[in-house]
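See structure below.
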Amino acid sequence: MCGIVSYYGKKNSVPFLLNGLRRLEYRGYDSAGIAIMKDGYIKTVKKAGKVDKLHKKIKESPINGSIGIGHTRWATHGEPNDTNAHPHQDKTGKIFIIHNGIIENFSTLKEVLIRKGFNFKSETDTEVLVNLISDIYYADGLNFEQAVEAALNQVIGTYGIVTFCIDEPNKIVAARHGSPLVLGVGNDEYFIASDTSPIVEHTRNVIYLDEGEIVTIDDNGYSIRSMHDDTIVNRETTEIEYSIEEIEKGEFPHFMLKEIYEQEFTIKDTMRGRIDPVDGKAHLGGIDDHMNRIKDANRIYITACGTSWHAGLIGKYLIEEYAGIPVHVEYASEFRYRKPIIDSNSVVVGISQSGETADTLAAIRKAKEFGALTVGICNVVGSSLARETDCGIYTHAGPEIGVASTKAFTSQVTVLFLLSLCFGREQNISSQTGKKYANALINIGDQVKTILDESDSILNVAKSTVKADNFLYLGRGLNFPVALEGALKLKEISYIHAEGYPAAEMKHGPIALIDEKMPVVCLAPNDRTFDKVLSNIQEVKARKGVIISVTDKRTLELEKVSDYIIDVPSKHPKVFPILSSISLQLLAYHLAVLRECDVDQPRNLAKSVTVE
């Protein structure tokens, strides 16, 4: 959600800024802009729409300079247009800023500034912030860094900012509170970005800024300081683990399809070194030191948003069945504002692909206030969730660029499977059961490949249902969350309205919607729910619904009532959710492509939701 790139060095910054903004397109945005400092002046170019429009505008009137800032904006205050695009400048035209986040008290600050004679051109909270900095800087006799900090001390909300001032040339100041920033350290050049994707091509050495830190870059290098206690921060750089190739599409037409196909390997990478098929045990080193406290917990909360919340629901089923520990799954956006029953005997697990989801981080911080043990499950090394939780587990899915999560979701579910196996072998399940479970997970890569090899058959289902305006997804037990996730994928990227429902609950409302135009995706695994799901399918068929059965148990009766069958090569009912999710990802993908939608960057969506 929004993207920041900045460069300080000796090269022309414009190519880096434009390429960096392209790297950040996956975060979601509606306008883009850059500002360049050179020879005592600052030149800015802004444009609503895609980065390509900005590039074209710059190509028509080239600019260059060795200090620059760039931004992709996802609208929070004011509609997407050239005026509301970042960077924003103060009334003197000497200070420029880019900003991720939301200034919640911007209207109060704006009123104060208007009374002082400030005028505003945009509808944004960011223009208020840059003029607040200006008011302090030119009135109070502080240096630029001090003025920035003083302004931020008056702000309520979240921010990741980068700013510079022509009266203190050759200097960049950046700060974060609630919105991530990464400092890249190269050879006589420095980079600041929302994440590492724009930086990795230029340096692998980075520093993740913590909450309340401010960094100043000038000809002497960089310095980081805590705004909480005014102490200098000395932190070693961290090496970026992935390669530039991992954030390129390669031969695939879309990042989403590439990432769907990568699941043959990413699920195995998530399990690598963590599972013992001989003893039927899982070993999760990231939580080892806290295992006794987790096992003795009187309750476990899983908190997350969107797709990660669906993974958490699957985790609830597994952990409760295998470990016998009560698990509550809550949206982080709701959890943070209510009074959950939490104490020092509670464990709160936060799940986030990016590790920067604002609501999930707020929920974790709240849990820590109550004395709970906090556990993070995330994909990004060095992310805020990884740093702020007491312990955690990385998913090792690699960079995920497509906005609609695919490989990150199945890796999250895989981690939760390992967690349930780890708990279960300590608590309730036998070695024999553990071995079956472990081996089912180990062999899942070949089954994923089988699904991917059959993608064309799923494409044929998509071709037959592409004109539908509504889909219903039904599942029971462990597969109800899969129905929710399948429906979410479809509406995210194809803009088809879709709902996931417990199959038995269909009769309590959604059955009224079913007619010959309504495709109904039914998850029918070979487990104790199969006969019940089959009955639900027959109820849909009696009302002329179009049945798409997703199953690992193709029977004559199922074939008779199904219009289409998507076969899932599952060898164990507990891994069916992972495999069927991949089939549903392919169905959503093919439908979106057939409808000529922007698969990788769906309208209005952001990859990393860093505002409330």
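- Taken from CD1 in I547 to CD1 in I537, the straight-line distance is 6.0 Å, to the nearest 0.5 Å.
- A donor and an acceptor atom, one from each side chain of E356 and S383, are nowhere located under 3.5 Å apart.
- Here the CZ atom belonging to R272 is positioned 10.0 Å from the NE2 atom belonging to H396, to the nearest 0.5 angstrom.
- Proximity of E485 to I314: side-chain heavy atoms (C-beta onward) are nowhere separated by under 4.5 Å.
- Salt-bridge formation is not detected for the pair K249/E259: no Lys NZ or Arg NE/NH1/NH2 atom is positioned less than 4.0 Å from an Asp or Glu carboxylate oxygen.
- Under the side chain to side chain donor-acceptor pair (under 3.5 Å) criterion, R425 pairs with no residue, sequence neighbours left out.
- Annotation: side chain to side chain contact (heavy atoms under 4.5 Å, CB included) contacts of T266 (sequence neighbours excluded): E262, Q263, K407, S411.
- With salt bridges taken as basic N to acidic carboxylate O contacts below 4.0 Å, one links D359 and R336.
- Applying the ring-ring contact (aromatic ring centres under 6.0 Å, His included) test to residues at least two apart or on different chains, the pairs with a partner in residues 410-434 are F417-Y437.
- Checked by atom type, the side-chain pair E321/S420 shows no donor-acceptor distance below 3.5 Å.
- The minimum heavy-atom distance linking P519 with N470 is given by the pair CD-O, 3.1 Å.
- Listed here is the closest heavy atom pair of S455 and L586: OG-CD2, 3.8 Å.
- Minimum interatomic distance between C422 and A282 (heavy atoms only, all atoms of both residues): SG-O, 3.6 Å.
- Note that CZ of F471 is 13.0 Å distant from CD of E499, once rounded to the nearest 0.5 Å.
- Scanning both residues, M506 and N536, for their nearest heavy atoms gives CE-O, 3.8 Å.
- Listed by first and then second residue, the ring-ring contact (aromatic ring centres under 6.0 Å, His included) pairs that reach into residues 477-532 come to none, sequence neighbours excluded.
- Under the 4.0 Å criterion applied to side-chain N and carboxylate O atoms, D563 and K541 are assigned as salt-bridge partners.
- By the 6.0 Å contact criterion, CD on E241 is open, its count of non-hydrogen atoms from other residues, nucleotides or ligands being 12 or less.
- With contacts defined as side-chain heavy-atom distances shorter than 4.5 Å, the pair V482/F576 does not qualify.
- A donor and an acceptor atom, one from each side chain of Q412 and S308, are located under 3.5 Å apart.
- Salt-bridge formation is not detected for the pair R338/E334: no Lys NZ or Arg NE/NH1/NH2 atom is positioned less than 4.0 Å from an Asp or Glu carboxylate oxygen.
- In this structure, the separation between CG on L313 and CD1 on I302 is 8.0 Å, given to the nearest 0.5 Å.
- Within the 4.5 Å cutoff, no side-chain heavy atoms of V375 are placed close to those of H290.
- Residue pairs satisfying the salt bridge (Lys or Arg N to Asp or Glu O under 4.0 Å) criterion with at least one member in residues 429-454, sequence neighbours excluded, are listed as follows: K449-D453.
- One side chain, T196 or Y242, offers a donor N or O that lies under 3.5 Å from an acceptor on the other.
- Of all heavy-atom pairs between K366 and P340, the closest is NZ-CD, 3.8 Å.
- Listed by chain and number, the residues in a ring-ring contact (aromatic ring centres under 6.0 Å, His included) with Y589 are H254 (sequence neighbours excluded).
- Between the side chains of Q432 and S430, no donor-acceptor pair of N or O atoms lies under 3.5 Å.
- With sequence neighbours excluded, the residues forming a side chain to side chain contact (heavy atoms under 4.5 Å, CB included) with S583 are I451, I458, I566, V568, listed by chain and number.
- Here T395 pairs with N379 under the side chain to side chain donor-acceptor pair (under 3.5 Å) rule; sequence neighbours left out.
- The side chain to side chain donor-acceptor pair (under 3.5 Å) search around D343 returns S346, not counting sequence neighbours.
- When the side chain to side chain donor-acceptor pair (under 3.5 Å) test is applied to Y301, no partner is found at least two apart in sequence or on another chain.
- Separating the OG1 atom in T529 from the CG atom in L478 is a distance of 9.0 Å, to the nearest 0.5 Å.
- Classification of E388 and K368 as a salt-bridged pair fails, no side-chain N sitting under 4.0 Å from a carboxylate O.
- Residues satisfying the ring-ring contact (aromatic ring centres under 6.0 Å, His included) test with F370, not counting sequence neighbours, are none.
- Among the candidates L523, V533, D527, the single residue satisfying the side-chain contact (heavy atoms from CB on, under 4.5 Å) test with R476 is V533.
- In the displayed structure, E505 atom CD is contacted under 6.0 Å by more than 12 heavy atoms of other residues, nucleotides or ligands.
- When all heavy atoms of F409 and S581 are compared, the pair lying nearest together is CE2-OG, 3.4 Å.
- In summary, the side chains of S352 and T357 do present a donor paired with an acceptor at a separation below 3.5 Å, with no hydrogens or angles considered.
- With sequence neighbours excluded, no residue forms a ring-ring contact (aromatic ring centres under 6.0 Å, His included) with Y564.
- To the nearest 0.5 Å, the span separating CD on Q601 from CG on D30 amounts to 12.0 Å.
- Counted within 6.0 Å of CD on E516, heavy atoms from surrounding residues, nucleotides or ligands total more than 12; the atom is thus considered enclosed.
- For NZ of K507, the number of neighbouring non-hydrogen atoms (other residues, nucleotides, ligands) closer than 6.0 Å is greater than 12.
- Between K489 and E492 a salt bridge is recorded (basic side-chain N to carboxylate O distance below 4.0 Å).
- By the neighbour-count criterion of 12 heavy atoms within 6.0 Å, atom NZ of K295 is densely surrounded, having more than that number from other residues, nucleotides or ligands.
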